[in-house]
Amino acid sequence: MKFLVSGGAGFLGSHLVDALKGHDVTVVDDFSTSKYFSPPEGVQVVRQRAEEFQTSEKFDVVAHLAARPSPEDYMEHPVDTALSNSLGTYRMLEVARKSDAVFFYTSTSEVYGKASVVPTPEDYWGYVNPVGVRSCYDESKRFSEALVMAYYRQYGLDVRVHRPFNVYGPRLREDGTYGRVVSRFVFQALRGEPLTVFGDGTQTRAFLYVDDWVDAALRTIRVDEAKGQVLNVGSDVEVRILDLAKKVIELTGSRSDVKFLPRGRTTRRGGRRTAPGLRGCWGGNPKPP
Ligand code: UDP
């Protein structure tokens with residue numbers, strides 16, 4: 001099969017591309033946030049922003065993952081962020097429509113904003129500030145979902161949407177404004193530096209290993225029941241951040257200790273971010289056209 005993957009050099013995208021071995025794969029990526037990508041043999045790489053990409057080539061599956069998901073990073077690049085999740089989504093949808101392809105979109109748990117329902121099911125609509133500093137990401141992802149569903153309803157395009165929750169694994173950036181808690185803790189432990197726990201560490205997250213996300217993505221792309229579905233994809237096992245720090249120290253055999261810091265800017269909203277779990281995520285979906 002022929003795949004077009006925007007954001008294929010990023011964390012989720014590169015793992016998806018690895019899993020597509022044996023298929024004809026084209027990656028579109030501007031490499032703005034990618035750090036650990038080396039294209040597998042045979043994969044064609046187009047170095048371009050998703051919103052600028054146009055082609056007359058046809059594909060069987062178009063997967064749109066190009067985005068700047070790290071809060072500090074997207075707040076520094078709000079225009080690029082808003083455009084990849086609006087114009088970028090439009091460009092990729094058009095390629096899919098002209099190809100009569102399956103369109104797979106990775107949205108985000110951030111579409112919920114400050115969620116008041118946790119674990120968060122698909123039929124909860126969220127609580128988002130449309131003009132706040134995070135709106136470049138939250139609102140543009142929400143707009144993308146709306147545009148994807150508009151293509152589904154108006155053109156009958158075969159669309160499938162994921163909202164990944166706290167996915168971690170190799171190639172997740174650990175540095176500066178990009179770092180997420182698992183990769184930061186692992187790198188801090190390996191370097192013998194203190195593990196920086198923001199607040200008292202009682203806040204929780206439910207982490208999903210990237211291979212499980214890839215498995216869910218491939219199944220979502222393959223199975224007919226996923227057509228027109230919007231699915232929350234995550235784990236339902238809650239972990240306290242302080243326990244995560246202790247586990248990382250234990251597993252790495254590090255002599256690092258834990259350093260408590262005031263809640264940092266990378267803390268999203270202090271709330272828990274949990275999806276109902278892989279098995280429970282097939283509900284609350286729109287009707288077919
Ligand atoms: N966190 C932490 N130390 C760090 C980075 C993050 O204690 O060095 C905490 C952060 O306050 C949050 C949780 O870990 O409660 C997850 O943060 P992350 O940035 O990975 O993702 P989020 O789910 O907040 O978007």
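Residue numbers run from 1 in the order of the sequence given. Note that ligands are numbered from 1 as they come in the structure, with each ligand's atoms numbered from 1 the same way. What's counted below: heavy atoms across the whole structure, side chains too, no hydrogens, waters or symmetry copies.
Ion pairing of Asp138 with Arg142 is absent here, as no side-chain N (NZ or NE/NH1/NH2) approaches a carboxylate O to less than 4.0 Å.
Close contacts of ligand 1 with Thr196, meaning ligand atoms under 4.0 Å from a residue heavy atom, involve 2 (C), 3 (N), 4 (C), 7 (O), 8 (O). Short contacts between ligand 1 and Val197, defined as distances under 4.0 Å to a heavy atom of the residue, involve ligand atoms 7 (O). Heavy-atom contacts of Arg184 reach the following atoms of ligand 1: 4 (C), 5 (C), 8 (O) (cutoff under 4.0 Å).
Of the candidates Arg205, Lys259, Gln203, Gln203 brings a heavy atom nearest to atom 9 (C) of ligand 1. Among Val258, Leu172, Val181, the residue whose heavy atom lies nearest to atom 6 (C) of ligand 1 is Val181.
The aromatic rings of Phe207 and Tyr168 sit perpendicular, their planes meeting at an angle over 60°, well past the 30° parallel limit. Relative ring orientation between Tyr105 and Phe103 is described as parallel, the plane-to-plane angle staying below 30° on a 0-90° scale split at 30° and 60°.
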What verdict does the salt bridge (charged side-chain N to carboxylate O under 4.0 Å, His left out) test give for Lys35 and Glu174, after you've listed the backbone C-alpha separation in whole Å, the side-chain angles of each residue and the deciding distance to 0.1 Å? CA-CA 10 Å; Lys35 187 177 176 192; Glu174 77 295 350; 3.0 Å; yes

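In terms of polar-atom proximity, defined here as any N/O pair under 3.5 Å, Gly179 makes no such contact with ligand 1.
The side chain of Ile241, and not its backbone, has at least one atom closer than 4.0 Å to an atom of ligand 1 (non-hydrogen atoms only; side chain from C-beta on). Proximity of Arg263 to ligand 1, defined as any heavy-atom pair under 4.0 Å, is not found for any part of the residue. Counting heavy atoms under 4.0 Å from ligand 1, residue Asn166 touches it through the side chain alone.
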Less than 3.5 Å apart, which donor and acceptor atoms pair up between the side chains of residues 93-101 and the rest of the protein, not counting sequence neighbours?
residue: Glu94; atom: OE1; partner: Arg97; partner atom: NH2; Å: 2.9
residue: Glu94; atom: OE2; partner: Arg97; partner atom: NE; Å: 3.0
residue: Glu94; atom: OE2; partner: Tyr151; partner atom: OH; Å: 2.6
residue: Ser99; atom: OG; partner: Phe59; partner atom: N; Å: 3.1
residue: Ser99; atom: OG; partner: Val95; partner atom: O; Å: 2.8

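Applying the salt bridge (Lys or Arg N to Asp or Glu O under 4.0 Å) test to residues at least two apart or on different chains, the pairs with a partner in residues 18-33 are Asp18-Arg171, Asp30-Arg49.
Inspection of the His162 and Thr220 side chains reveals an N or O donor paired with an N or O acceptor under 3.5 Å.
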